[in-house]
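No hydrogens, no waters, no symmetry mates; every other heavy atom, side chains included, goes into these values.
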Amino acid sequence: MEVRDYECDIQGIVNNANYLHYTEHTRHLYLTSLGVSFAKLHEQGVDAVVARMNLQYKTPLRCDDIFISKLGVRKEGLRYIFNQDIFRKTDNKLCFRATVELVCLINGRLGNSADYDRAFGFGQE
């Protein structure tokens with residue numbers, strides 16, 4: 001992805017909140033790559049929601065920087081834990097690191113999602 005000028009603050013660096021947009025977009029692209037529609041699951045009453053985030057800002061991104069967003073996912077109990085890193089492409093410098101915990105609400109109640117488990121490869125022998 002590329003940093004757009006309107007994502008930067010007066011200091012000329014990416015505003016901290018935009019990193020959350022980058023990581024969320026990465027998770028949605030990941031779901032799409034697995035053939036999962038976030039919107040379709042919502043229509044079926046299955047909603048993955050953020051329960052907790054731990055954020056570490058390392059090296060600031062600036063306007064027109066191109067960056068690479070990576071993720072890994074594991075499951076602990078009802079939580080899907082995403083480890084997400086953003087690297088500046090020119091020098092592969094770590095810019096942002098996040099641990100994002102998601103849980104699923106099934107028709108409004110906390111529960112396990114067979115759809116997400118299947119997509120992520122959890123619970124399969």
Side-chain angles (χ1 to χ4, degrees):
M1 292 184 260
E2 181 178 352
V3 174
R4 294 157 291 218
D5 59 347
Y6 63 84
E7 297 170 331
C8 297
D9 59 24
I10 199 165
Q11 298 166 319
I13 61 176
V14 170
N15 180 276
N16 59 24
N18 286 305
Y19 290 92
L20 304 181
H21 295 280
Y22 300 156
T23 57
E24 181 172 17
H25 187 60
T26 300
R27 290 191 304 275
H28 284 238
L29 289 174
Y30 178 61
L31 286 174
T32 301
S33 77
L34 299 174
V36 176
S37 167
F38 190 76
K40 191 173 214 176
L41 286 175
H42 168 73
E43 291 170 4
Q44 297 169 0
V46 179
D47 293 300
V49 297
V50 173
R52 179 176 297 145
M53 298 179 97
N54 181 349
L55 313 174
Q56 298 175 45
Y57 298 88
K58 300 294 191 175
T59 302
L61 287 167
R62 298 184 180 278
C63 186
D64 297 328
D65 276 347
I66 295 177
F67 61 91
I68 299 166
S69 184
K70 298 183 179 187
L71 66 74
V73 63
R74 68 184 189 278
K75 188 167 185 192
E76 293 181 6
L78 294 176
R79 298 174 299 147
Y80 298 99
I81 301 173
F82 288 84
N83 294 308
Q84 296 189 247
D85 292 327
I86 293 177
F87 298 90
R88 187 170 49 212
K89 187 175 180 184
T90 56
D91 59 4
N92 206 36
K93 187 109 175 172
L94 177 64
C95 297
F96 180 76
R97 175 165 278 166
T99 303
V100 183
E101 298 182 16
L102 277 71
V103 294
C104 284
L105 300 177
I106 314 296
N107 297 315
R109 299 187 60 148
L110 188 62
N112 273 308
S113 167
D115 294 300
Y116 281 109
D117 282 353
R118 188 171 32 261
F120 298 146
F122 299 126
Q124 298 175 4
E125 306 289 357

**Student:** Say you draw a straight line from CG of Asp47 to CG of Asn107; how long is it, rounded to the nearest 0.5 Å?
**Tutor:** 9.0 Å

**Student:** Within a strict 4.5 Å, meaning less than it, do heavy atoms of the Ile106 and Ser113 side chains meet?
**Tutor:** yes

**Student:** What distance separates Lys40 NZ from Leu31 CG, expressed to the nearest 0.5 Å?
**Tutor:** 14.0 Å

**Student:** Quick one: sort the Phe120 and Phe82 rings into parallel, tilted or perpendicular, breaks at 30° and 60°.
**Tutor:** perpendicular

**Student:** Could you tell me if the side chain of Tyr116 sits less than 4.5 Å from the side chain of Leu34, heavy atoms only?
**Tutor:** no

**Student:** Can you sort out the partners of Thr32 under side chain to side chain contact (heavy atoms under 4.5 Å, CB included), two or more places apart, ordered by chain and number?
**Tutor:** none

**Student:** So which atom in Arg62 and which in Val14 form the shortest heavy-atom distance, rounded to 0.1 Å?
**Tutor:** N-CG2, 4.4 Å

**Student:** What I'd like to find out is whether the side chain of Asn112 reaches to under 4.5 Å of the side chain of Leu78, using heavy atoms alone.
**Tutor:** yes

**Student:** Return the set of residues passing side chain to side chain contact (heavy atoms under 4.5 Å, CB included) with Lys93 (not counting sequence neighbours), or none when no residue passes.
**Tutor:** Thr59, Arg88, Asp91

**Student:** With the side chain counted from C-beta on, respond yes when Tyr30 and Val36 share a heavy-atom pair under 4.5 Å apart, and no when they do not.
**Tutor:** no

**Student:** Salt bridge (charged side-chain N to carboxylate O under 4.0 Å, His left out) with Asp5: which residues, sequence neighbours excluded?
**Tutor:** none

**Student:** CZ/Arg79 to CG/Leu110 distance, rounded to the nearest 0.5 angstrom?
**Tutor:** 11.0 Å

**Student:** Any side-chain heavy-atom pair from Lys75 and Tyr80 closer than 4.5 angstrom?
**Tutor:** yes

**Student:** Less than 4.5 Å apart, side chain to side chain, heavy atoms only: is that true for Val100 and Leu20?
**Tutor:** no

**Student:** Rounded to the nearest 0.5 Å, what separation is found between the SG atom of Cys104 and the CG atom of Asp117?
**Tutor:** 8.0 Å

**Student:** Tell me, please, which residues at least two apart from Tyr57 pass ring pair (Phe, Tyr, Trp, His ring centres under 6.0 Å).
**Tutor:** Tyr19, Phe96

**Student:** Side chains of Leu61 and Met1: does their closest heavy-atom pair fall under 4.5 Å?
**Tutor:** no

**Student:** State, yes or no, whether a side-chain contact exists between Thr99 and Arg52 at a heavy-atom distance under 4.5 Å.
**Tutor:** no

**Student:** If you apply the rule side-chain contact (heavy atoms from CB on, under 4.5 Å), what do you find for Leu102 with Arg27, and how did you get there?
**Tutor:** CA-CA 11 Å; Leu102 277 71; Arg27 290 191 304 275; 4.1 Å; yes

**Student:** Taking side-chain hydrogen bond (donor to acceptor under 3.5 Å, both in side chains) as the test, write out the residues that go with Asp9, two or more places apart.
**Tutor:** none

**Student:** Do Met53 and Phe38 sit in one hydrophobic cluster, given that two such residues count as connected whenever their side-chain heavy atoms are within less than 4.5 Å of each other, even indirectly?
**Tutor:** yes

**Student:** Is His42 atom NE2 crowded by more than 12 heavy atoms from other residues, nucleotides or ligands, each under 6.0 Å away?
**Tutor:** no

**Student:** For Glu43, enumerate each residue passing the side chain to side chain contact (heavy atoms under 4.5 Å, CB included) test, keeping only those at least two apart in sequence or located in another chain.
**Tutor:** none

**Student:** Rounded to the nearest 0.5 Å, what separates atom CZ in Arg74 from atom CD1 in Ile81?
**Tutor:** 4.0 Å

**Student:** If you measure from CG on Asp65 to CD1 on Ile13, what distance do you get to the nearest 0.5 Å?
**Tutor:** 11.5 Å

**Student:** State whether the number of non-hydrogen atoms from other residues, nucleotides or ligands found under 6.0 Å of Arg97 atom CZ is greater than 12.
**Tutor:** no

**Student:** If every non-hydrogen atom of Asn18 is compared with every non-hydrogen atom of Glu7, which pair is closest and at what distance?
**Tutor:** ND2-O, 2.9 Å

**Student:** Considering the options Leu55, Val73, Leu71, which one meets the side-chain contact (heavy atoms from CB on, under 4.5 Å) requirement together with Gln84?
**Tutor:** Leu71

**Student:** Would Ile86 and Lys58 count as a side-chain contact (heavy atoms from CB on, under 4.5 Å) if you check the C-alpha gap in whole Å, the side-chain angles of each, and the deciding distance to 0.1 Å?
**Tutor:** CA-CA 10 Å; Ile86 293 177; Lys58 300 294 191 175; over 6 Å; no

**Student:** According to a hydrophobic-cluster definition based on side-chain heavy atoms being under 4.5 Å apart (Ile, Leu, Val, Met, Phe, Trp, Tyr only), do Val49 and Val46 belong together?
**Tutor:** no

**Student:** Identify the heavy atoms of Cys63 and Val3 that sit nearest to each other, and give their distance.
**Tutor:** CA-CG1, 3.8 Å

